[in-house]
Protein chains: 2
Amino acid sequence: MSCPHTRQKILDCAEKLFARHGFHGTSLRRITADAGVNLAAVHYHFGSKDGLVEEVFKRRMGPLNEERMSRLEALRSGPGFDAEQVLRSFVEPTLRFAEQGEGNRDFLALIGRALIEPDEQIRRMFFDLVAPLFHLLLDLVCEALPHLSRDLLFWRLHFALGAMGRYLFLAGQRSSMNEAMGTVIPDLPAGDCLIGFIVRGLEGP
Amino acid sequence: MSCPHTRQKILDCAEKLFARHGFHGTSLRRITADAGVNLAAVHYHFGSKDGLVEEVFKRRMGPLNEERMSRLEALRSGPGFDAEQVLRSFVEPTLRFAEQGEGNRDFLALIGRALIEPDEQIRRMFFDLVAPLFHLLLDLVCEALPHLSRDLLFWRLHFALGAMGRYLFLAGQRSSMNEAMGTVIPDLPAGDCLIGFIVRGLEGP
DNA sequence: CTGTAATTCAAACGTTTGTTTAAATCCGAT
DNA sequence: ATCGGATTTAAACAAACGTTTGAATTACAG
């Protein structure tokens, strides 16, 4: 552990390539070549490709989830809250995270990917990582909108996740997409645009 | 072309497996084994794996897009319309499509996948297939909500796509997910729930 | 029945994949 | 300086992949 240089370079390159080309679409040889390290270094430091994937997730998901969790907990301990405050506590740290560096942005595009990951093991690992957060989120939304059933809010919350996932994905792919496709993705809207969309959808009869 | 039996069985199995495990995650050997046909039949009938993917899409996307298109065109030719009518013309055929058989449901989960497909060739092929529809959709939404800028509506429309994609994906994976994960996905909400979410989000200041 | 094209089949092709091995190298403590 | 654990390296591994081949089989028109 004296020289974290190799470890970190592998994680950085893997994160970027996973975000751009998916997990199955990225080979260890490509990762280690980009990182300028030996192929076997992956297995030495992470045990396997799945271990690398897991570490890529945990590295940034840890701090991000902690912040979202603490904001949600603070809300619950507070005097009262509405649905918008709940959603802001979840979405805002995510979007602010995206603005703090290219690495983070790649990582968020990665989350958008993980939401519908085909590989069962990877999806399971991701779900275990976010399940507590999602349950807390659903609980608070139910508390903020007590006149709506939990099943209904379950679905609306997933619609919200889908909308945010689309935002994260397009934001991550924007530069590479604009030059490849004819379609031009306009500038990113402020986070308020996304939050407004979600809140309006979540409330309502 | 006298015996479409093989062709169709390959398409059916490929559709189901692509929906469940993604494109890279599904091998031709698995497809042909499930279909009970020879491995080489894929290349005989479709030329390549990419050719098969393309045909799986076109088979159902053709009729579905035609219906959505004609409903949108009819709306444009009519006396007047609001945003909800525009979105209904797009979403309703999609959801009704999902209720007409397991094959269709698999296909819709597949669309949810294609929206963030890593492979550039496949994503390009899919985008070319839906680009005209998306542009028409955006035009009509702009016309229905003239007080909102096109860029803003571009993003809100993508949020809507993300929400619908999440619905399609979860609907397709529901049975296999409930038994695998601890999380239980409740019964599907009526399409009105999704449409309501989207419309509320799309309108607004 | 015969001959021709369409279709299926088993087998192998060359690549690429994740993974493993064992030797070589580096680095800090004695 | 030297030892020992940590790290890196080149090379090879078996397995799986998409693809190709050429012969075998089927289906159908003359």
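Convention: sequence-line order gives letters A, B, ...; per-chain numbering from 1.
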K.L.:
In whole angstroms, how far is the C1' atom of D/dA24 from the OH atom of B/Tyr44?
P.N.:
14 Å

K.L.:
Please state how far atom CG in B/Asp119 lies from atom P in D/dG18, giving the value in whole angstrom units.
P.N.:
12 Å

K.L.:
If the condition is side chain to side chain donor-acceptor pair (under 3.5 Å), which residues does A/Thr26 pass it with, not counting sequence neighbours?
P.N.:
none

K.L.:
Scan side-chain atoms only and decide if A/Thr94 and A/Arg68 contain a donor-acceptor pair under the 3.5 Å cut-off.
P.N.:
yes

K.L.:
Are there any protein N/O atoms within less than 3.5 Å of an N/O atom in nucleotides 15-17 of chain D, and if so, which ones and at what distance?
P.N.:
unit_1: D/dC17; atom_1: OP1; unit_2: B/Ser27; atom_2: OG; d: 3.3

K.L.:
What is the distance from CD1 of A/Ile31 to P of C/dT17, rounded to the nearest Å?
P.N.:
11 Å

K.L.:
Which residue pairs pass the salt bridge (Lys or Arg N to Asp or Glu O under 4.0 Å) test when at least one of the two sits in residues 32-50 of chain B, sequence neighbours left out?
P.N.:
B/Arg30-B/Asp34

K.L.:
Within this structure, what is the CZ-to-C1' distance between B/Phe46 and D/dT20, rounded to whole angstrom?
P.N.:
18 Å

K.L.:
Whole angstroms only, please: what is the CD-C1' distance between B/Glu54 and D/dG18?
P.N.:
17 Å

K.L.:
If the cut-off is 4.0 Å, is A/Thr6 near the phosphate of D/dT7, judged by side-chain N/O to OP1 or OP2?
P.N.:
no

K.L.:
Name all residues meeting the side-chain contact (heavy atoms from CB on, under 4.5 Å) criterion together with A/Glu55; count only those two or more places apart in sequence or in a different chain, and write none if there are none.
P.N.:
A/Arg7, A/Leu11, A/Phe46

K.L.:
How does protein contact run along nucleotides 20-25 of chain C, one letter per nucleotide 5' to 3', with B for base contact, S for sugar-phosphate only, - for none, heavy atoms under 4.0 Å?
P.N.:
BB----

K.L.:
Please name all residues satisfying salt bridge (charged side-chain N to carboxylate O under 4.0 Å, His left out) with B/Glu67, sequence neighbours left out, ordered by chain then number.
P.N.:
B/Arg96

K.L.:
Checking contacts here: which listed nucleotide (C/dT8, D/dT8, D/dT19) is nearest the side-chain heavy atoms of B/Ser48?
P.N.:
D/dT19

K.L.:
Does B/His45 make a side-chain N or O approach to OP1 or OP2 of C/dT8 shorter than 4.0 Å?
P.N.:
yes

K.L.:
With sequence neighbours excluded, tell me which residues meet side chain to side chain donor-acceptor pair (under 3.5 Å) with A/His21.
P.N.:
none

K.L.:
Holding to side chain to side chain donor-acceptor pair (under 3.5 Å), I want the full list of residues that pass it with A/Thr32, two or more places apart in sequence or in another chain.
P.N.:
none

K.L.:
Using the test side chain to side chain donor-acceptor pair (under 3.5 Å), find all partners of A/Glu73 that sit at least two apart in sequence or belong to another chain.
P.N.:
A/Arg76

K.L.:
How many whole angstroms separate atom CG of A/Asp50 from atom C1' of C/dT19?
P.N.:
12 Å

K.L.:
For the residue pair B/Phe126 and B/Phe57, categorise the inter-ring angle as parallel (less than 30°), tilted (30 to 60°) or perpendicular (more than 60°).
P.N.:
tilted

K.L.:
Would you say a side-chain N or O of A/Asn38 is under 4.0 Å from OP1 or OP2 of D/dA10?
P.N.:
yes

